[in-house]
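Working notes, beginning with the structure itself.
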Amino acid sequence: MISSVKNVQILVSLLKQHNIKHVVISPGSRDFQFVHSVETDDFFNCYTVVDERSAGFFANGLSLATDSPVCVCCTSSTATSNYLPAVKDACETNAQLVLLTADRDYRKLYQMEDQMINQIDMYGDYVKCSVNIPIIRDSDDEWFSIRKINEALLELNHGEKGPVQINYQLMDLGAPFIKNSPQYRKIERINLEKFKTEIDTLVSELKTKKRIMVICGQRYRSDNLEKNLNRFFESFNAVVIKDNYSNLHSDKFLKTVLVTERMSTLAMVDYCPDMVITIEKHVWSFLKYTLQEIDKEFIHWRVSEDGAIIDPFKRLTKVFELPADEFFGLLADNTDTNNDYTYHALWEKRINEVTYPDMKYTNFYAIKQLCDVIPENSIVHASILNATRLFDFCSGSKKLRSFSNLGADGIDGCLPTFLGEASASDTPAYLISGDLSFFYGMNALNDLIPNNIHVFLINNQAGSEFHTNFGMFYDKKPSVDDHIAAGHHSRAALWAKDNSIKYYSATNNEELMSNLNLFVGYSDGPVLFEIFTNADEDTSILNSFYKMNHKIVWAMYYRKVVQIIKKKLFRRR
């Protein structure tokens, strides 16, 4: 028998899949749903110890004797506090103690709810990991619970062994029990040693996949990744996804950002992978959001030296705790070349169909012209949003060292981060920045400004991103600048002069083109080129690009109609 309470089901399922058999039980009401689920399951070995203090120490001894994880479970409130001495002992002796602390709905805390204290992270630094599992009300709660319980159980023997806490909330003490125990998604962490022993099995699994997609996020370091990714591409017919910030330059890799910025989930069905492998840091491309939303099965492997559980697509099954270049190199060493590049050809054809609008004088046009003349191997930092996006759209295949403030994605750190990057090198360094981001960070510019910097400042006297996203909500377009887009009339000319920065400006195409080569070629000190554009025209040209490349896929509309019909038929039943 298994509880019908979802978070208890997930907990029991994952304990079994992680092969955690021993459960030390102290009597109570709040943990009844869990206790009855494990005491009626032959997989588990159950022990009863009435007081929690002794139960904790009993579990420690059992864990040390068997060199395996042992659960302790109790009801809510002060019962959980009695585990503290044993938790401290487990921390010192590296006993693998799993503290299953039943709790009430967190929203009732400090609201005169009986038998309720704050149990979240209550053991502090004495546990390696502490997770709080909510009452499951929707699919996001379920995904969160699966991820966090896996994360806690994986931490038991990650590096040094030690205790973890899983605090789970439960209000329905009388929920019915069911016969069939559902199985939820296990996440497995594989280190280098285990990877080498299982490599034949992993290769066999990869060979069953016809559509493997490798997504490379932002990366800074130089290693053998590109060489070994090329070998993996040839061995497994993989599509390797890059953007500027991946700093991968092989012509075998694809910049899908050109089409995925506006690709719907329905259109994505025809391009969807059956396996996704993610590597490196933050992924800029909107492809990640489409893959989050698509209603089609695929599995996700993550390769990361820190072994962190990163599960954005809600399909993670394996985390490989080793360098990505070694991961791809060893896999390629253990298989033959696969010359079937059908999946790659599908994506390549779609990308080759991308067209650009008639480029009148706008931020899009100005950045395109800059990308055409920037010397190869230069450092380029695109600040945020439009700068990040348009540089990615315009740079082509030129080899540049590209960066952006991805992840946190705030306007506050772009200019000073760029100055730090430029200070670490004598290489020409270019910042592509919007006006709000630039003026926000000007305090970082002082007498220590590196001589190798070139600032390409797009000044459309507002945050044009907000014109794109929210302008439609304003009857009179100029009012968007009052507060949302922070309209202004600031210019950088006098400020640049006061700080001995060489200054150029442009208000039209002729001035842009006449000063562009001077800006790029200037090498006697820092230089700033201020490009004045109109925010509404900048928004219009970007929307034109999106519309021109929003390919109509009639099959996607057929699928949409089928979905609507199915929903209506289901409701009638």
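- Between the CD1 atom of Ile25 and the SG atom of Cys46 there is a distance of 4.0 Å, given to the nearest 0.5 Å.
- You'll find the side chain of Asn7 stays beyond 4.5 Å of the side chain of Pro134, heavy atoms only.
- Under the salt bridge (charged side-chain N to carboxylate O under 4.0 Å, His left out) criterion, Lys318 pairs with Glu205, not counting sequence neighbours.
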For Lys194 and Glu188, run salt bridge (charged side-chain N to carboxylate O under 4.0 Å, His left out): C-alpha distance rounded to whole Å, both residues' side-chain angles, the deciding distance at 0.1 Å, then the answer. CA-CA 11 Å; Lys194 188 175 181 183; Glu188 182 182 10; 2.7 Å; yes
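- If you look at Phe313 and Tyr289, their ring centroids are not closer than 6.0 Å.
- Partners of Arg315 by salt bridge (charged side-chain N to carboxylate O under 4.0 Å, His left out), not counting sequence neighbours: none found.
- Formation of a donor-acceptor pair under 3.5 Å by the Asn94 side chain with backbone atoms of Gly162 is not found in this model.
- Ring to ring, Phe403 and His381 are not that close: their centroids are 6.0 angstrom or more apart.
- For Lys21 (side chain) and Lys16 (main-chain N/O), no donor-acceptor pair under 3.5 Å exists by modelled atom type.
- With sequence neighbours left out, the side chain to side chain donor-acceptor pair (under 3.5 Å) criterion links Ser304 to Asp306.
- Taking CZ of Phe44 as the reference point, atom OG of Ser37 lies at 9.0 Å (rounded to 0.5 Å).
- Every pair tested for salt bridge (charged side-chain N to carboxylate O under 4.0 Å, His left out) that includes a residue from residues 46-57 fails, sequence neighbours excluded, so the list is empty.
- The shortest distance between side-chain heavy atoms of Val72 and Val98 does not fall below 4.5 Å.
- Under the 4.5 Å side-chain criterion, counting only non-hydrogen atoms from C-beta, Ser63 is not in contact with Leu97.
- Side-chain polar atoms of Arg147 and Asn150 form no donor-acceptor pair below 3.5 angstrom.
- Side-chain contact between Val239 and Phe253 is absent, with no heavy atoms from C-beta onward closer than 4.5 Å.
- For Ser3, the side chain to side chain donor-acceptor pair (under 3.5 Å) partners at least two apart in sequence or on another chain are Gln33.
- Considering OG of Ser68 and CG of Asn19, their distance stands at 8.5 Å, rounded to 0.5 Å.
- Of the N and O atoms on the side chains of Ser13 and Gln17, at least one donor lies less than 3.5 Å from an acceptor on the other residue.
- Considering all non-hydrogen atoms of both residues, Asp31 and Ser26 come closest at OD2-O, 3.2 Å.
- Leu156 approaches Ile20 most closely through the heavy-atom pair CD1-CD1, 3.9 Å.
- For the residue pair Lys255 / Asn244, a side-chain donor-acceptor distance below 3.5 Å is found, with atom types taken as modelled.
- Classification of the Phe177-Phe32 ring pair by plane angle, with boundaries at 30° and 60°, yields perpendicular.
- The aromatic rings of Phe320 and Phe195 stand perpendicular to each other, their planes meeting at an angle above 60°, with 30° marking the opposite boundary.
- Listed by first and then second residue, the salt bridge (charged side-chain N to carboxylate O under 4.0 Å, His left out) pairs that reach into residues 163-175 come to none, sequence neighbours excluded.
- The existence of a salt bridge linking Lys6 and Asp141 is excluded, since no basic side-chain nitrogen approaches an acidic carboxylate oxygen closer than 4.0 Å.
- For the residue pair Cys272 and Phe298, the shortest heavy atom distance occurs at SG-CD2, 4.0 Å.
- Here the CG-OG distance, from Leu415 to Ser433, works out to 7.0 Å after rounding to the nearest 0.5 Å.
- With sequence neighbours left out, the side chain to side chain donor-acceptor pair (under 3.5 Å) criterion links Tyr126 to no other residue.
- Between Trp301 and Phe327, the two ring planes are perpendicular [angle over 60°; tilted spans 30° to 60°].
- Taking CD of Glu142 as the start and CD of Gln9 as the end, the distance is 9.0 Å to the nearest 0.5 Å.
- Contact check for Leu11 versus Ile166: side-chain heavy atoms found under the 4.5 Å cut-off.
- Taking the centre and axis of the six-membered ring of Tyr343, the NZ or CZ atom of Lys210 falls outside the cone set by 45° and 6.0 Å.
- The two residues Ala324 and Val303 have their closest heavy-atom pair at CA-CG1, 3.7 Å.
- At a threshold of 4.0 Å, the pair Asp274-Lys296 does not count as salt-bridged, since none of the basic side-chain nitrogens sits closer than that to a carboxylate oxygen.
- Note that CD of Gln96 and CG of Leu153 are 11.0 Å apart. Values are rounded to the nearest 0.5 Å.
- Few gaps surround CZ on Phe57; more than 12 heavy atoms of other groups in view lie less than 6.0 Å from it.
- Proximity of a side-chain donor or acceptor of Asp140 to a complementary backbone N or O of Trp143 within less than 3.5 Å is not detected.
- For Arg211, the salt bridge (charged side-chain N to carboxylate O under 4.0 Å, His left out) test picks out no residue, with sequence neighbours left out.
- In terms of heavy atoms, Leu316 sits closest to Ile187 at O-CG1, 3.4 Å.
- For residues 98-107, the set of pairs meeting the side-chain hydrogen bond (donor to acceptor under 3.5 Å, both in side chains) definition, not counting sequence neighbours, comprises Thr101-Gln165, Thr101-Asn167, Asp103-Asn167, Arg104-Glu113, Asp105-Arg107, Asp105-Arg137.
- Other residues, nucleotides and ligands contribute only 12 or fewer heavy atoms inside 6.0 Å of the CG atom of Asp125.
- Of the possible donor and acceptor atoms, none in the side chain of Gln119 sits under 3.5 Å from a partner among the backbone N and O of Ser76.
- Screening residues 70-85 for salt bridge (charged side-chain N to carboxylate O under 4.0 Å, His left out), with sequence neighbours left out, gives no hits.
- Between the side chains of Thr317 and Lys186, no donor N or O sits under 3.5 Å from an acceptor N or O.
- The closest donor-acceptor contact from the side chain of Thr75 to the backbone of Arg30 lies under 3.5 Å.
- Taking 4.5 Å as the limit, every side-chain heavy atom of Leu406 sits out of range of all side-chain heavy atoms of Lys281.
- Thr388 and Ser404 form a side-chain donor-acceptor contact under 3.5 Å, judged by distance and modelled atom types alone.
- Minimum heavy-atom separation, Ala238 to Phe233: O-CD1, 2.9 Å.
- Here salt bridge (charged side-chain N to carboxylate O under 4.0 Å, His left out) pairs that include residues 59-88, with residues two or more places apart or in two chains, are Asp67-Lys161, Lys88-Glu92.
- Every salt bridge (charged side-chain N to carboxylate O under 4.0 Å, His left out) that Asp311 has, sequence neighbours left out, goes to Arg185.
- Taking the side chain as every heavy atom from C-beta outward, Leu331 and Ser235 never approach each other to under 4.5 Å.
- Using a 4.5 Å heavy-atom cutoff, the side chains of Met263 and Leu287 are not in contact.
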